[in-house]
**Q** 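I'd like to ask you about the structure that follows.
Residue indices begin at 1 and follow the sequence shown. As the structure is a computational prediction, the values presented were derived from the model and not from experiment. All heavy atoms count here, side chains included; hydrogens, waters and symmetry mates do not. Indexing begins at 1, ligand by ligand and atom by atom, following the structure's order.
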Amino acid sequence: MNIQIINGPNLNLLGVREKSIYGDTGFETYLKELQARYPDINITYYQSNVEGELINKLHEVGFSYDGIVMNAGAYTHTSVAIADAIAGINTPVVEVHISNVYKREEFRHQSMLARNCKGVIAGFGLDSYRLAVESLLAK
Ligand code: DQA
């Protein structure tokens with residue numbers, strides 16, 4: 001089973017950026033734990049701050065992988081192009097957020113992507129990614 005994690009803008013700064021919201025663990029550290037927890041699953045990781053590169057990655061894996069876990073960061077709230085990319089591929093996408101976006105500013109309450117996703121997981125810190133993987137395993 002192949003699962004692709006895709007992180008969008010500013011998520012390369014996890015562990016450094018706004019620690020009171022996003023915690024103090026870098027994603028690479030967390031990824032190792034996640035991969036160790038699921039030794040039989042191929043979990044690959046991609047991060048970009050560039051909208052078009054996120055779309056290219058969705059196209060690249062979206063016809064062959066079994067699942068995509070996507071935290072599109074702020075593009076979640078703005079990107080029709082990423083929403084269209086998710087609609088255009090076959091692989092199910094789970095939208096993920098580290099923070100509970102519904103507890104935060106109103107502009108974070110809207111997701112352009114959610115309607116094209118299998119589901120949304122938000123507010124469980126980095127554990128949101130594990131919950132998303134679990135949801136893909138449950139199919
Ligand atoms: C985020 C929430 C977004 O609103 C924000 O722009 C992010 C991170 C989260 O994981 O909680 O960059 O997606």
**Q** Report each N/O pair between ligand 1 and the protein that falls under 3.5 Å, naming both atoms.
**A**
from, atom 1, to, atom 2, distance (Å)
ligand 1, 4 (O), His77, NE2, 2.7
ligand 1, 4 (O), Arg108, NH1, 2.9
ligand 1, 6 (O), Ala74, N, 3.2
ligand 1, 6 (O), Arg108, NH1, 3.1
ligand 1, 10 (O), Asn71, ND2, 2.8
ligand 1, 10 (O), Ile98, N, 2.8
ligand 1, 11 (O), Ile98, N, 3.2
ligand 1, 11 (O), Ser99, N, 2.9
ligand 1, 11 (O), Ser99, OG, 2.6
ligand 1, 12 (O), Arg17, NH1, 3.4
ligand 1, 12 (O), Arg17, NH2, 3.1
ligand 1, 13 (O), Asn71, OD1, 2.8
ligand 1, 13 (O), His97, ND1, 2.8

**Q** Quick check: does any side chain N or O of Gln35 sit under 3.5 Å from a backbone N or O of Ile43, one acting as donor and the other as acceptor?
**A** yes
**Q** Run the side-chain donor-acceptor check on residues 80-93: report pairs under 3.5 Å with partners two or more places apart or on a different chain.
**A**
from, atom 1, to, atom 2, distance (Å)
Thr91, OG1, Gly62, O, 3.0
Thr91, OG1, Tyr65, O, 2.8

**Q** Counting N and O atoms only, with roles assigned by atom type, does the side chain of Ser128 sit under 3.5 Å from a partner on the main chain of Phe124, one being a donor and the other an acceptor?
**A** yes
**Q** Could you note down all residue pairs passing side-chain hydrogen bond (donor to acceptor under 3.5 Å, both in side chains) where residues 71-83 supplies at least one of them, sequence neighbours left out?
**A** Glu51-Ser79, Asn71-Tyr129
**Q** Counting only N and O atoms by type, is there a donor-acceptor contact under 3.5 Å from the side chain of Gln47 to the main-chain atoms of Gly8?
**A** yes
**Q** Which residues satisfy the ring pair (Phe, Tyr, Trp, His ring centres under 6.0 Å) test with Tyr46, sequence neighbours excluded?
**A** none
